[in-house]
Protein chains: 2
Amino acid sequence: MRYYIVDDDSASRMMLKKIIVDGELGLVIGEAENGEKSIAPILSTLPDIVLIDFLMPDLDGIETIEKLKSQGFEGQFIMISQIVNKEMVGEAYKKGIEFFIHKPINKVEVQTILQKTAEQYRLRDSLLTIKESLASFTTAKPALKKQNVGEIVRTKLSDMGIMSEVGSNDLKEIIEMLVYKNNEPNTFPPLIDIYESLAKRQNAEDIKKEMKAIEQRLRRTILAAIQHIATIGSIDYTSREFEHYAPRYFEYQEIRKLMIEVGENRLNSSKIKVNIKKFIQVLYLEVLESYKNI
Amino acid sequence: MRYYIVDDDSASRMMLKKIIVDGELGLVIGEAENGEKSIAPILSTLPDIVLIDFLMPDLDGIETIEKLKSQGFEGQFIMISQIVNKEMVGEAYKKGIEFFIHKPINKVEVQTILQKTAEQYRLRDSLLTIKESLASFTTAKPALKKQNVGEIVRTKLSDMGIMSEVGSNDLKEIIEMLVYKNNEPNTFPPLIDIYESLAKRQNAEDIKKEMKAIEQRLRRTILAAIQHIATIGSIDYTSREFEHYAPRYFEYQEIRKLMIEVGENRLNSSKIKVNIKKFIQVLYLEVLESYKNI
DNA sequence: AGGTTTGTAGGATTTAGTAGGATTTCGTAA
DNA sequence: TTACGAAATCCTACTAAATCCTACAAACCT
């Protein structure tokens with residue numbers, strides 16, 4: 001389970017985190033000190049469960065939940081607060097929270113409730129999977145496991161052996177931005193615009209410098225992918241990865257050139273052309289395709 | 001659902017009853033004003049869910065639950081009380097109650113929680129049925145066992161044939177540290193920082209020396225992994241281990257170089273590049289992926 | 001003792017960011 | 001169709017920091 005904590009009291013956040021880690025209940029993938037600051041990261045990381053305080057400056061718990069739901073967030077909420085007014089507890093339940101825990105925090109209580117919520121989540125998920133595979137059994141269409149955009153991208157990058165390259169995270173974020181924000185899937189914005197919005201999203205101080213850095217990271221990452229795919233091809237050009245990625249993502253001449261060089265054991269001799277645009281565009285289209293089919 | 005209510009306050013009993021009837025949540029099959037008087041009827045009518053007050057004369061809520069469980073009653077308990085002392089809430093959860101609801105009673109809250117409990121009950125039941133019907137034709141059941149981070153790492157390291165290397169323990173500890181402490185899963189700290197925190201964690205006397213030692217242990221361990229995977233590959237490059245680990249964890253060119261050498265039976269001739277960073281980063285991301293599904 | 005593994009130390013190489021420039025692309029006009 | 005120019009895209013080169021490597025010493029087996 002992946003948790004996100006929203007609470008203006010840092011001591012509470014610490015305690016909750018400790019309870020989750022100690023109880024091996026899952027991962028805390030982020031935290032924020034008020035509703036306003038939590039919106040963007042929650043929408044981009046999509047935690048399974050959000051632990052949220054009721055009383056917070058700027059945006060209170062209920063408003064935050066409303067906002068997240070209106071943006072399509074489907075995770076579960078557990079509210080943790082010291083409210084005594086029972087009307088508000090009722091309100092919170094009406095908004096669809098899973099449970100309301102009263103402060104002060106009690107370790108056993110929180111652990112039990114989180115375990116229960118997680119169990120419920122898994123139970124529902126299992127039943128859903130069964131239901132879907134039964135449905136696809138009748139329509140003869142293979143059932144796909146649901147994934148978010150980040151996961152789809154990561155799978156592909158991992159196939160290309162560049163999961164750990166610095167630029168991989170840039171690629172992931174770029175595709176996320178494109179999938180979530182690009183209204184017309186048939187158009188593709190210029191790379192400069194993409195670099196610029198990514199730089200802004202990363203809160204870079206000097207946007208221009210960051211754009212340059214992004215470009216170089218991407219170039220080097222994609223170059224690594226080319227070399228990797230070419231090496232795969234020189235061992236076994238019938239492999240799934242080679243057949244899929246080599247012709248789609250890269251300039252085929254470049255791959256061929258590299259394969260010949262690899263075969264003759266002379267490395268990094270000639271220069272290779274890196275087509276960043278083609279790579280990102282293909283990646284985007286493929287991700288979009290499999291995302292839509294979910 | 002069949003409910004039984006135990007509460008010394010008749011007004012509370014009335015309200016709960018009304019909530020259950022109004023919300024069409026099920027049937028109230030009996031009630032009692034204290035623990036003592038409830039034991040016999042509960043054991044004879046076996047309700048699915050018992051709503052029980054904490055503070056009651058004669059026999060309090062927790063004692064009643066203990067007594068019923070010791071007599072073999074397997075229904076679920078929901079405690080409803082106006083207790084403020086959080087220790088007692090913890091105690092109640094330890095005794096195995098499903099939920100603790102704070103008085104005064106709020107209609108929406110009680111309804112939501114009863115619905116949830118009922119849903120959980122039905123979900124478990126459905127899954128149990130499915131599992132049993134599946135068991136009739138699957139002999140060996142895979143038993144999706146809950147794993148902790150250490151176990152996931154160990155599985156992968158043993159796939160790569162380096163379980164007994166000295167550096168394996170370092171690897172395990174590094175991944176544990178990263179999974180539990182890294183707040184932003186998208187970023188990856190520099191290796192130097194990782195070495196440093198690991199050295200500190202191991203209470204080394206001379207941190208700098210220990211960092212150097214860690215680095216060498218890791219290098220040698222990963223080199224062993226490369227050689228192991230290359231050997232597998234030179235025998236059968238379609239094997240599961242080779243296909244998975246070779247392209248993701250290592251520089252594929254290096255694997256290729258080694259495979260050719262192994263094939264020609266000339267050993268340890270050329271030097272192999274060891275990419276520690278890539279290895280750890282991929283290991284971390286993969287562990288994270290499988291851990292969050294817990 | 002003889003061989004193997006582990007630790008130590010310093011140096012070599014690679015990588016990521018930065019900046020400027022070269023090349024390619026694409027619409028438009030000749 | 002060809003030529004042109006601006007914009008977009010791609011490439012090279014440099015530096016500091018991170019990462020990787022070699023080689024020898026020490027410790028640990030048998």
Side-chain angles (χ1 to χ4, degrees), chain A residues 162 164-171 174 187-199 202 204-227 249-251 253-254 257 267-282, chain B residues 162 164-171 174 187-199 202 204-227 249-251 253-254 257 267-282:
Chain A
I162 51 170
S164 69
E165 294 290 323
V166 268
S168 290
N169 199 50
D170 296 290
L171 279 171
I174 288 174
T187 63
F188 191 79
L191 288 184
I192 320 185
D193 296 356
I194 295 180
Y195 299 160
E196 193 179 343
S197 18
L198 180 56
Q202 290 173 347
E205 294 192 3
D206 187 333
I207 298 287
K208 279 215 169 161
K209 272 192 186 174
E210 185 57 25
M211 283 169 67
K212 278 293 202 178
I214 289 169
E215 189 209 319
Q216 286 300 61
R217 286 201 295 265
L218 291 177
R219 144 164 294 94
R220 285 158 179 158
T221 301
I222 295 171
L223 183 61
I226 298 180
Q227 281 162 344
Y249 282 70
F250 312 102
E251 316 256 351
Q253 305 96 297
E254 304 299 317
K257 202 156 69 181
L267 293 166
N268 56 32
S269 48
S270 68
K271 50 189 167 185
I272 301 297
K273 185 178 185 307
V274 176
N275 195 330
I276 302 178
K277 189 159 194 176
K278 177 170 185 176
F279 186 94
I280 292 185
Q281 212 162 347
V282 173
Chain B
I162 51 170
S164 59
E165 296 287 322
V166 268
S168 290
N169 199 50
D170 295 288
L171 279 171
I174 288 173
T187 62
F188 190 80
L191 288 184
I192 317 184
D193 296 356
I194 295 180
Y195 298 160
E196 193 179 341
S197 20
L198 180 57
Q202 291 173 347
E205 294 192 2
D206 187 334
I207 298 287
K208 279 214 170 163
K209 274 191 184 174
E210 184 57 24
M211 283 168 66
K212 278 292 201 178
I214 290 168
E215 189 209 318
Q216 287 300 61
R217 286 200 296 266
L218 291 178
R219 146 164 293 96
R220 284 160 181 156
T221 303
I222 295 171
L223 183 62
I226 297 181
Q227 281 162 343
Y249 283 69
F250 313 102
E251 314 255 351
Q253 297 99 306
E254 303 300 315
K257 205 154 69 180
L267 294 165
N268 57 33
S269 49
S270 67
K271 52 188 167 185
I272 300 297
K273 185 178 186 305
V274 177
N275 195 330
I276 301 178
K277 185 160 196 178
K278 179 169 186 175
F279 186 93
I280 292 184
Q281 206 165 346
V282 173

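The figures that follow rest on heavy atoms only: side chains count, while hydrogens, waters and symmetry mates do not. Per chain, numbering begins at 1; letters A, B, ... match sequence-line order. All figures in this text were calculated on a predicted structure; none of them were measured in a lab.
A heavy-atom distance below 4.5 Å is found between the side chains of Ile280(B) and Phe188(B). Taking 4.5 Å as the limit, every side-chain heavy atom of Glu165(A) sits out of range of all side-chain heavy atoms of Arg220(A). Looking only at side-chain heavy atoms (C-beta outward), Ile214(B) and Gln202(B) come within less than 4.5 Å of each other. Looking only at side-chain heavy atoms (C-beta outward), Ile174(A) and Leu218(A) come within less than 4.5 Å of each other.
Both Glu210(B) and Glu251(B) lie near DNA chain C, and the one whose nearest nucleotide falls closer to the 5' end is Glu210(B). Sequence order on DNA chain C of the closest nucleotides to Val166(B) and Asn275(B) puts Val166(B) first from the 5' end.
Phe188(A) has its CZ atom 17 Å from the C1' atom of dC26(C), to the nearest Å. Between the CD1 atom of Ile214(B) and the C1' atom of dA9(C) there is a distance of 16 Å, given to the nearest Å. We find that OH of Tyr195(A) is positioned 16 Å from C1' of dT18(C), with the value rounded to whole Å. Going from atom NZ of Lys209(A) over to atom C1' of dA19(C) covers 10 Å, rounded to whole Å. If you measure from atom NZ of Lys212(B) to atom P of dG11(C), you get 11 Å, rounded to the nearest angstrom. What separates CD of Gln202(B) from C1' of dG7(C) is a distance of 13 Å, to the nearest Å. The interatomic distance linking Glu165(A) (CD) with dT14(C) (C1') rounds to 12 Å, in whole Å.
Ring geometry for Phe250(A) against Phe279(A) counts as tilted: the plane angle lies between 30° and 60°, on a 0 to 90° scale.
For the contact set between residues 215-223 of chain B and DNA chain D, defined by any heavy atom under 4.0 Å, the members are Glu215(B), Gln216(B), Arg219(B), Arg220(B).
Residues Asp170(B) and Arg217(B) share a closest heavy-atom pair of OD2-NE, 2.7 Å. Ile192(A) and Met211(A) make their closest contact through CG2-CE, 3.5 Å (heavy atoms, listed as atom of the first residue, atom of the second, distance).
For the pair Ser164(A) (side chain) and Val282(B) (backbone), a donor-acceptor distance under 3.5 Å is absent.
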Would you list the protein and nucleotides 23-25 of chain C atom pairs, both N or O, that sit under 3.5 Å from each other?
none

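Lys277(A) comes within 4.0 angstrom of the backbone, heavy atoms only, and of no base.
Where DNA chain D meets chain A (any atom under 4.0 Å from a heavy atom), the bounding nucleotides read 5' to 3' are dA8(D) to dA13(D).
The environment of NZ in Lys208(B) is sparse: at most 12 heavy-atom neighbours from other residues, nucleotides or ligands sit within 6.0 Å.
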| request: Determine, step by step, whether Lys212(B) and Lys209(B) satisfy the side-chain contact (heavy atoms from CB on, under 4.5 Å) criterion, reporting the C-alpha distance in whole Å, the side-chain angles of both residues, the deciding distance to 0.1 Å, and the verdict. | output: CA-CA 5 Å; Lys212(B) 278 292 201 178; Lys209(B) 274 191 184 174; 5.7 Å; no
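The only member of Gln281(B), Glu251(B), Glu254(B) that meets side-chain hydrogen bond (donor to acceptor under 3.5 Å, both in side chains) when paired with Asn275(B) is Glu251(B).
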